[in-house]
Amino acid sequence: MNSYKIAVVDGDGIGPEVCAATIKVIDEVIKGARSIEWDHVAGGAQNYLDTGVALPDETVERCRSADAILLGAAGLPGVLYPDGTEAGQDTTLQLRFELDLYANLRPIKLYEGVKTPLEGRPNINYVIVRENSEGLYASRGGGNVLRGETASDTMLITRKGVERIVRQAAELSLQRNGAPLDGKKRVTICDKSNVLRSFAFFRSVADEVLADYPEIEVDYALVDALSMYLVTRPSYYDVIVAENMFGDIISDLGAATIGGLGMADSSEIGESHALFQASHGSAPDIAGKGVANPIATILSGASMLEWLGGRSDDSLLTESAFAIRSAVEAALAEGDGLTKDLGGQAGTQDCVDAIVRRL
Ligand code: ATP
């Protein structure tokens, strides 16, 4: 029997609750047909408070040797390094850099049964492909504050970084059914190339890569305009490729259009490692109350099975991923297990039960 080891960083706030929910769903769908070892490892803001380190070296090594990583959420407001940045954020950021998890895939899909604040209930189904290893966040820990007067962080864009992320976006578009509006396979390059050279370079390298994909329509959007279009015409989008910070920001905007952060899943993929976590943070305002929406993490867990299944040529995992997504879709459509953020009354456990009943 194939066996897998998954490193689990429960993290802070609602992190342990959404991880437990996801493990429960995966264990239920696998039903002992594969051996999955859940290796819980330390990390996060609370770990920083307890030990002085947000991401211990041992955690990095156990994540490196695991088949995949599941992360709840890391970070707590007010738990800061002396430089004023959030300590817990290092858990995810350092793992991204250490394991070179350069492609952050963030699907934005409006499910039947979930309310959107947008008028006319547009058909929303696109993926933000966020560059995850460079851009402005590459400067993390390396910015300068001089004499209490000036501060600077440097944006890093490399040819290799742009080429590989745009190729990911194009390959993803080929696998999809195109934009809901017109069925066209379309890659939108999100940047601010009209102002900064770094983004003009990003766009020109992206153009070079996309020239290899004549079947894909190339679309350009400045990030400010795109922020408007994601509200006014979200159905136009198929795959959006963006620099690290822009991708981070527009994915929260996208999440708001599909029921909120509790619905936004995410995969962070490299050549040999991958980490799966919801797009949301630790939501300390609702932590420990049993009310967090676990769907974003459960869908991330489904993506983990799909990724593992593809790498290990294990169709049971791929089918299990499909089963989880179908069960989530059915529960939402039937209004069963809707948590408060989705307008329901269910708690985290009720939501898990509704999904498990449909597996
Ligand atoms: P970070 O910067 O670490 O990503 P954030 O500032 O985006 O975090 P979150 O912790 O994601 O903040 O929370 C933002 C809001 O969304 C909070 O009001 C929180 O309660 C809500 N929220 C986030 N995740 C969920 C969830 N899974 N279920 C219900 N509500 C959530």
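Only a predicted model underlies this, so the values are computations on that prediction, with no experimental measurement involved. In each ligand, atom 1 is the first atom listed, and ligand 1 is the first ligand listed.
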Mind listing the side-chain donor-acceptor pairs of residues 11-30 below 3.5 Å, one per line with the distance, residues two or more places apart or on another chain?
| residue | atom | partner | partner atom | Å |
| --- | --- | --- | --- | --- |
| Asp12 | OD1 | Ala45 | N | 3.3 |
| Asp12 | OD1 | Gln46 | N | 2.9 |
| Asp12 | OD2 | Ala45 | N | 2.6 |
| Asp12 | OD2 | Gly75 | N | 2.7 |
| Glu17 | OE2 | Gly288 | N | 2.6 |
| Thr22 | OG1 | Val18 | O | 2.8 |
| Thr22 | OG1 | Ile298 | N | 3.4 |
| Lys24 | NZ | Glu28 | OE2 | 3.0 |
| Asp27 | OD1 | Trp38 | NE1 | 3.1 |

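- Each of Lys185, Arg176, Lys184, Arg186 was evaluated against Asp238; a single residue qualifies, Arg176, per the salt bridge (Lys or Arg N to Asp or Glu O under 4.0 Å) test.
- Gln168 and Tyr102 make their closest contact through NE2-OH, 3.7 Å (heavy atoms, listed as atom of the first residue, atom of the second, distance).
- Classified by interplanar angle (parallel below 30°, tilted 30° to 60°, perpendicular above 60°), the ring pair Tyr81/Tyr48 is perpendicular.
- Closer than 4.0 angstrom to ligand 1 by heavy atom are Ile14, Gln89, Asp252, Leu261, Gly262, His280, Gly281, Ser282, Ala283, Asp285, Ile286, Ala292, Asn293, Asp341, sorted by chain and number.
- Nearest heavy atom pair, residue Pro56 against residue Ala42, reads CD-O, 3.6 Å.
- Residues Ser266 and Asn104 have side chains that bring a donor and an acceptor to within less than 3.5 angstrom of each other.
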